[in-house]
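Worksheet: the structure to be examined is printed underneath.
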Amino acid sequence: MAKRHGIDLGKMRELHERERADFLARRPRARALAGQSAGHLLFGVPLHWMDDWPTPSPLFVAEAQGAQLTDVDGHRYVDFCLGDTGAMFGHSPAPVAAAIARESARGLTAMLPGEDALWVAEALAQRFGLPVWQFALSASDANRFAIRWARAATGRDQILVFNGCYHGTVDDVFVDLEEGQAKPRASLLGQVYPLTEHTRVVEFNDLAALERALSDGRVACVLAEPAMTNIGMVLPDPDYWQQAQAIIRRHGSLLLLDETHTISCGPGGFTALHGLRPDLLVLGKPLAGGLPAAAYGFSAELAARAQQAKRDAPAGHSGIGTTLSANRLSCAAMRANLAEVMTDDAYQIMFERAAQLERGLLELFVRFDLPWCVTRLGARCEFQFVPRPPRNGSEAAAGQDAELEQSIHLYLLNRGLLITPFHNMLLLSPHTTAQDVDRLLAVFDQWLRAVRMA
């Protein structure tokens, strides 16, 4: 009898086939739309990632509100994905929706500053401790622009990332460690120049490797999530960032933190919670309540160096910024979100729900004698098919199992529970109820009973 991670593979595969058939039978409208889409949308979806959900046909959404989604066939779901963080504070928060409606009648974009941009920059400075800010349309753009500023200010050509990282569609970061060697990520499409000429990669939580990689003084910046979230959650060792910051500064490099996912830690993200002192900081997806917007902040010292670098450069395109960056609509949404949605009270609810989920998952794994672990980062929670939380990207990747993940995700989805399609991440919003969490745990219990080894 074949088994893996304590699961009877035969039972799981039989169950999964039944779930696939059930999904298709109950969604005729979605199947019809998928048929129409195939001729006009690449892979039949507006963004090819939307084809990565564990469904036999795309799930088309009709509307979303709070922590609920409704599909085009009328099925309702409790949403623990929340747009992979874009809707972390709930779908269509009322203050953000009102700000968008109000501002849409006053001008969508002008490529000129407005008062909302200044208000947002001041609010971000208070939350994160970085005094100077710029805006972008996505964290991908913000990371890309921040890297350019770091290289311009330092005169250095290299950056350093951690194995298994993800920072959006920034070409420079798609470098992995394979048997100790840096290599371009095999899944990256259309790449024609060698990324490893300007990007170095080491394992997270490895201080000695970080020291070696920075020792020649060529690295402009270290780009990192304070805790890794895209290869499966990997938390830093208790003293890691204190020592890592000292190493980075000793070698004259800059620290660029991407808080797009780790903003789940609180209003000031991991940075404020743990007293980190980055030179640059990026915040993306949830900043405007789901509307495309991002921001990146500078320390006072780096802001002065960056401005000097721009003044010293010839006139013309800097390669930084896009026409719609800091558009009036995004700035109004960011202001409303920061002022009325991303509040201490909202985070407290999110933390309580996430702690409830963490406890429940651990109890399930003990009851079923499964060697699985649970990792939590504020309002973000993940279970992994390994007995101990991984310490780096290689360990996290080794613990992943796509077949198990797809079976779990589809089973939950067919029972009105949506979780992030990439590994086993769950996000709790201020609108998620204790009953929502209990329901997810009960359905997960049913799946385990159906597939657990006898």
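What you are looking at is a predicted structure, and each value in this text was computed from that prediction instead of being measured.
Within the 3.5 Å criterion, the main-chain N or O of Leu24 finds a donor-acceptor partner in the side chain of Arg31. In this structure, Gln384 contributes its side chain and Met233 its backbone to a donor-acceptor pair below 3.5 Å. Not a single donor-acceptor pair under 3.5 Å links the side chain of Ser330 to the backbone N or O of Asn327. Thr199 contributes no side-chain N or O that, together with a main-chain N or O of Thr196, makes up a donor-acceptor pair within less than 3.5 Å. The backbone N or O of Leu33 sits less than 3.5 Å from a side-chain atom of Ser37, completing a donor-acceptor pair. Although no hydrogens or angles enter the test, the distance criterion places a donor-acceptor pair under 3.5 Å between the side chain of Asn414 and the main chain of Glu19. When atom types are taken as modelled, the side chain of Asp438 and the backbone of Gln435 share no donor-acceptor pair closer than 3.5 angstrom. Looking at Gln158, its side chain does come within 3.5 Å of a backbone N or O of Glu197 through a donor-acceptor pair. The backbone N or O of Cys81 sits less than 3.5 Å from a side-chain atom of Asp79, completing a donor-acceptor pair. Side-chain N or O atoms of Arg452 include one that pairs as donor or acceptor with a backbone N or O of Phe368 at under 3.5 Å.
Asn424 and Gln400 form no side-chain donor-acceptor contact under 3.5 Å, judged by distance and modelled atom types alone. Checking Asp258 against Asn143 by side-chain atom types alone, a donor-acceptor pair falls below 3.5 Å. In this model, no donor atom of one side chain and acceptor atom of the other lie less than 3.5 Å apart for Ser325 and Asp141. A side-chain donor-acceptor contact under 3.5 Å links His423 and Glu382.
Using a 4.5 Å heavy-atom cutoff, the side chains of Tyr77 and Leu417 are not in contact. Residues Leu69 and Leu418 form a side-chain contact, since some pair of their non-hydrogen atoms from C-beta on lies under 4.5 Å apart. Contact annotation: the side chain of Pro236 approaches that of Phe204 to within less than 4.5 Å [non-hydrogen atoms, C-beta and beyond]. Side-chain contact check for Asn205 versus Asn392: every heavy-atom pair is 4.5 Å or farther apart. Using a 4.5 Å heavy-atom cutoff, the side chains of Pro226 and His274 are not in contact. Within the 4.5 Å cutoff, side-chain heavy atoms of Leu256 are placed close to those of Ile147. Looking only at side-chain heavy atoms (C-beta outward), Leu254 and Val222 stay at 4.5 Å or farther from each other.
Ring planes of Phe298 and Trp149: perpendicular class, angle over 60° (limits at 30 and 60°). Relative ring orientation between Phe385 and Phe383 is described as perpendicular, the plane-to-plane angle rising above 60° on a 0-90° scale split at 30° and 60°. Aromatic ring orientation, Trp372 versus Trp447: tilted (interplanar angle from 30° to 60°). Aromatic ring orientation, Phe43 versus His48: tilted (interplanar angle from 30° to 60°). The aromatic rings of Tyr166 and Phe174 lie perpendicular to each other, with more than 60° between the two planes, well past the 30° mark.
Distance CG/Asp71 to CZ/Phe60: 11.0 Å, rounded to 0.5 Å. Here the CZ atom belonging to Arg391 is positioned 12.5 Å from the CE atom belonging to Met228, to the nearest 0.5 angstrom. Between atom CE of residue Met88 and atom CG of residue Leu287 there is a gap of 10.5 Å, rounded to the nearest 0.5 Å. Between the CG atom of Leu255 and the SG atom of Cys221 there is a distance of 9.0 Å, given to the nearest 0.5 Å. Going from atom CD of Glu395 over to atom CD of Glu203 covers 8.0 Å, rounded to the nearest 0.5 Å. Taking CZ from Arg200 and CG from Leu177, the interatomic distance works out to 13.0 Å, rounded to the nearest 0.5 Å.
At a threshold of 4.0 Å, the pair Arg335-Glu122 does not count as salt-bridged, since none of the basic side-chain nitrogens sits closer than that to a carboxylate oxygen. With respect to the salt-bridge test (charged N to carboxylate O, under 4.0 angstrom), the residues Arg4 and Asp401 qualify. Taking the charged nitrogens against the carboxylate oxygens, Arg328 and Asp116 have no contact shorter than 4.0 Å, which rules out a salt bridge. A salt bridge links Arg106 to Glu103: one of the charged nitrogens lies within less than 4.0 Å of a carboxylate oxygen.
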Take Arg13 and Glu403 through the salt bridge (charged side-chain N to carboxylate O under 4.0 Å, His left out) test and state the conclusion after the steps.
CA-CA 9 Å; Arg13 288 165 181 164; Glu403 188 177 15; 2.6 Å; yes
Using the ring pair (Phe, Tyr, Trp, His ring centres under 6.0 Å) rule, take Phe89 and Tyr347 through it: C-alpha gap first, then chi angles, then the decisive distance, then the call.
CA-CA 9 Å; Phe89 302 98; Tyr347 272 102; 5.6 Å; yes
Evaluate salt bridge (charged side-chain N to carboxylate O under 4.0 Å, His left out) for Arg127 paired with Glu259, printing each intermediate quantity in order.
CA-CA 12 Å; Arg127 287 182 183 233; Glu259 287 263 21; over 6 Å; no
Kindly determine whether Lys3 and Asp8 satisfy salt bridge (charged side-chain N to carboxylate O under 4.0 Å, His left out), including the steps that lead there.
CA-CA 5 Å; Lys3 68 175 182 177; Asp8 184 320; over 6 Å; no
Salt bridge (charged side-chain N to carboxylate O under 4.0 Å, His left out), that's the test. Do Arg26 and Asp22 meet it? Break it down for me.
CA-CA 6 Å; Arg26 295 173 58 211; Asp22 182 58; 3.5 Å; yes
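Across all non-hydrogen atoms, the minimal contact from Ser264 to Leu377 is OG-O, 2.9 Å. In terms of heavy atoms, Gly164 sits closest to Asp176 at N-OD1, 3.9 Å. Between Ile263 and Met342 the shortest heavy-atom distance is CG1-CE, 3.9 Å. Of all heavy-atom pairs between Glu225 and His167, the closest is N-CE1, 3.5 Å. Pairing each heavy atom of Ala142 with each of Val282, the nearest pair is CB-CG1, 3.8 Å. Considering all non-hydrogen atoms of both residues, Leu441 and Leu361 come closest at CD2-N, 3.7 Å.
Atom CD of Glu63 sits in a sparse spot, with 12 or fewer heavy atoms from other residues, nucleotides or ligands closer than 6.0 Å. More than 12 heavy atoms of other residues, nucleotides or ligands sit less than 6.0 Å from atom CZ of Arg367. Counted within 6.0 Å of CZ on Arg76, heavy atoms from surrounding residues, nucleotides or ligands total 12 or fewer; the atom is thus considered open. Atom CZ of Arg148 is surrounded by 12 or fewer heavy atoms from other residues, nucleotides or ligands within 6.0 Å.
Each of Asp171, Asp172, Thr169 was compared with Arg144 under the side chain to side chain donor-acceptor pair (under 3.5 Å) criterion, and only Thr169 meets it.
Arg353 forms no cation-pi arrangement with Phe351, by the criterion of a distance under 6.0 Å to the ring centre and an angle within 45° of the ring axis.
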